[in-house]
J.: 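The following block contains the structure, expressed as structure tokens.
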Amino acid sequence: MQRRNTNQRKIIYEILKSTDIHPTADWIYERAKAYIPNISLGTVYRNLKVLKEEGFIIEINDGRQSRFDARTDRHYHFKCLKCESIYDIDLDMIHFNMDVKNLEKKGFKVNEANVELEGICPKCLREVKVEKNN
């Protein structure tokens, strides 16, 4: 079922497309208020849900909070354990050899695999090196 594309949804989507920081709904809400002063956080959540259901955005949930990504092509995510930033990692940057034949032998049908990487980002690593040198 195709839903009507509302002005609110269009603005929320444009805000999300304009950044690569994988923002939370609260972050998007704060920016949306500049365009739609009377928008509610609930409206932002409802529109993010519709955008996700229609395949326009990806939701990344780390068990504590959801972050959103307008980049829907196949790619990985790297979460910094220090600053909690999330970075897009292109598929050609890392090569995983995922052999799913054993799963298929047990009756599973694998449609896709999602990989999330965690560690320390280059910015935080530089800060740690500076702290150690002082």
Side-chain angles (χ1 to χ4, degrees):
M1 175 177 117
Q2 182 70 20
R3 293 182 178 104
R4 184 169 76 82
N5 190 14
T6 66
N7 187 49
Q8 293 170 331
R9 191 168 310 127
K10 181 180 176 196
I11 289 170
I12 290 166
Y13 181 60
E14 290 301 320
I15 290 169
L16 193 51
K17 276 185 18 179
S18 73
T19 185
D20 64 356
I21 66 165
H22 305 85
T24 63
D26 289 331
W27 187 94
I28 296 165
Y29 166 68
E30 289 301 322
R31 271 106 196 127
K33 287 194 306 187
Y35 302 95
I36 312 165
N38 62 343
I39 194 168
S40 70
L41 183 57
T43 297
V44 171
Y45 273 108
R46 280 190 298 281
N47 280 285
L48 288 169
K49 180 180 178 197
V50 170
L51 289 166
K52 178 185 166 191
E53 288 171 353
E54 293 184 351
F56 288 102
I57 66 171
I58 296 169
E59 182 177 6
I60 306 159
N61 189 307
D62 65 4
R64 288 186 322 126
Q65 64 180 347
S66 289
R67 310 272 289 268
F68 299 92
D69 188 356
R71 184 176 166 189
T72 58
D73 63 309
R74 294 280 300 146
H75 64 285
Y76 304 124
H77 289 108
F78 179 97
K79 180 177 180 183
C80 180
L81 296 172
K82 185 168 182 184
C83 69
E84 298 190 355
S85 294
I86 297 176
Y87 298 88
D88 289 324
I89 305 295
D90 292 322
L91 296 180
D92 62 357
M93 292 177 72
I94 298 176
H95 299 283
F96 289 103
N97 182 12
M98 289 191 218
D99 187 357
V100 297
K101 290 181 187 121
N102 287 331
L103 286 173
E104 291 172 350
K105 286 177 188 175
K106 298 223 180 242
F108 293 94
K109 181 182 180 297
V110 178
N111 291 332
E112 72 176 84
N114 296 304
V115 175
E116 270 190 39
L117 306 159
E118 290 185 346
I120 307 297
C121 71
K123 179 179 166 258
C124 289
L125 282 173
R126 282 191 301 274
E127 290 173 3
V128 168
K129 286 179 184 176
V130 168
E131 289 172 4
K132 284 184 179 180
N133 290 334
N134 287 336

J.: Start with the C-alpha distance between E84 and R64, add both sets of side-chain angles, then the distance that settles side chain to side chain contact (heavy atoms under 4.5 Å, CB included), and finish with yes or no.
T.: CA-CA 11 Å; E84 298 190 355; R64 288 186 322 126; 2.7 Å; yes
J.: Would you confirm whether H22, through its side chain, and D20, through its main-chain N or O, come within 3.5 Å as a donor-acceptor pair?
T.: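 Checked: pair present.
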J.: Check the pair C80, C124 against side chain to side chain contact (heavy atoms under 4.5 Å, CB included), reporting the backbone distance first and the verdict last.
T.: CA-CA 8 Å; C80 180; C124 289; 3.7 Å; yes
J.: Run the side chain to side chain donor-acceptor pair (under 3.5 Å) test against D92 and tell me which residues pass, sequence neighbours left out.
T.: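 Scan of D92 (side chain to side chain donor-acceptor pair (under 3.5 Å), adjacent residues dropped) gives none.
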J.: Quick one: closest heavy-atom pair of S66 and N61, and the distance?
T.: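 For S66 and N61, the tightest heavy-atom pair comes out as OG-ND2, 3.0 Å.
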J.: Work out which heavy atom in A25 is nearest to a heavy atom in L48; give both atom names and the distance.
T.: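 Where A25 meets L48 most closely, the heavy atoms are CB-CD1, 3.8 Å.
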J.: Is I120 reachable from I21 through a run of I, L, V, M, F, W or Y residues, each pair having side-chain heavy atoms under 4.5 Å apart?
T.: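 Hydrophobic grouping puts I21 apart from I120.
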J.: When rounded to the nearest 0.5 angstrom, what distance separates CZ in R67 from NE2 in H77?
T.: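 Separation between the atoms: 10.0 Å.
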J.: Name the one of H75, K52, K17 that satisfies side chain to side chain donor-acceptor pair (under 3.5 Å) with D69?
T.: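 Filter result, single survivor: H75.
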J.: Test of understanding: clusters of I, L, V, M, F, W, Y form through side-chain heavy atoms closer than 4.5 Å, transitively. Do L125 and L81 belong to the same one?
T.: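 Yes: a chain of side-chain contacts under 4.5 Å links L125 to L81.
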J.: Would you say that more than 12 heavy atoms from the other residues, nucleotides or ligands in this model lie under 6.0 Å from the NZ of K33, or not?
T.: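 Atom NZ in K33 is packed in, count exceeds 12.
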J.: Kindly work out whether a path of hydrophobic side-chain contacts (I/L/V/M/F/W/Y, heavy atoms less than 4.5 Å apart) joins I86 to I57.
T.: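 No.
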J.: Is there a side-chain contact between E116 and I60, using heavy atoms and a 4.5 Å cut-off?
T.: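 In contact.
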J.: Any non-hydrogen side-chain atom of L91 less than 4.5 Å from a side-chain atom of Y76?
T.: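 Yes, at least one pair of side-chain atoms sits under 4.5 Å.
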J.: Establish whether I58 and W27 are linked, either directly or via other cluster members, by ILVMFWY side-chain heavy-atom contacts under 4.5 Å.
T.: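 They do not share one cluster, since no chain of ILVMFWY contacts under 4.5 Å joins I58 to W27.
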J.: Salt bridge or not between E14 and K10? Use side-chain N to carboxylate O under 4.0 Å.
T.: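 The answer is no: the pair does not qualify as a salt bridge.
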J.: May I have the step-by-step check of side chain to side chain contact (heavy atoms under 4.5 Å, CB included) for I15 and Y35, ending in yes or no?
T.: CA-CA 10 Å; I15 290 169; Y35 302 95; 4.2 Å; yes
J.: How many angstroms lie between atom OG of S85 and atom NZ of K123, to the nearest 0.5 angstrom?
T.: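 Spacing of OG (S85) from NZ (K123) equals 6.5 Å.
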J.: Would you check, one step at a time, whether the test side chain to side chain contact (heavy atoms under 4.5 Å, CB included) holds for I94 with V115?
T.: CA-CA 11 Å; I94 298 176; V115 175; over 6 Å; no
J.: Tell me, do K49 and Y45 make a side-chain contact under 4.5 Å, heavy atoms counted?
T.: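 Side-chain contact under 4.5 Å: no.
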J.: With side-chain contact (heavy atoms from CB on, under 4.5 Å) as the test, pick out the partner of I11 among L16, I36, I39, I28.
T.: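 With I11 as partner, side-chain contact (heavy atoms from CB on, under 4.5 Å) holds for just one option, I36.
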J.: Should the pair E54-R9 be classified as a salt bridge under the 4.0 Å nitrogen-to-oxygen rule?
T.: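 Answer for the salt bridge query: no.
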J.: Identify the two heavy atoms, one from F56 and one from Y13, that lie closest to each other, and give their separation to 0.1 Å.
T.: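 Closest pair (atom of F56, atom of Y13, distance): O-CE1, 3.6 Å.
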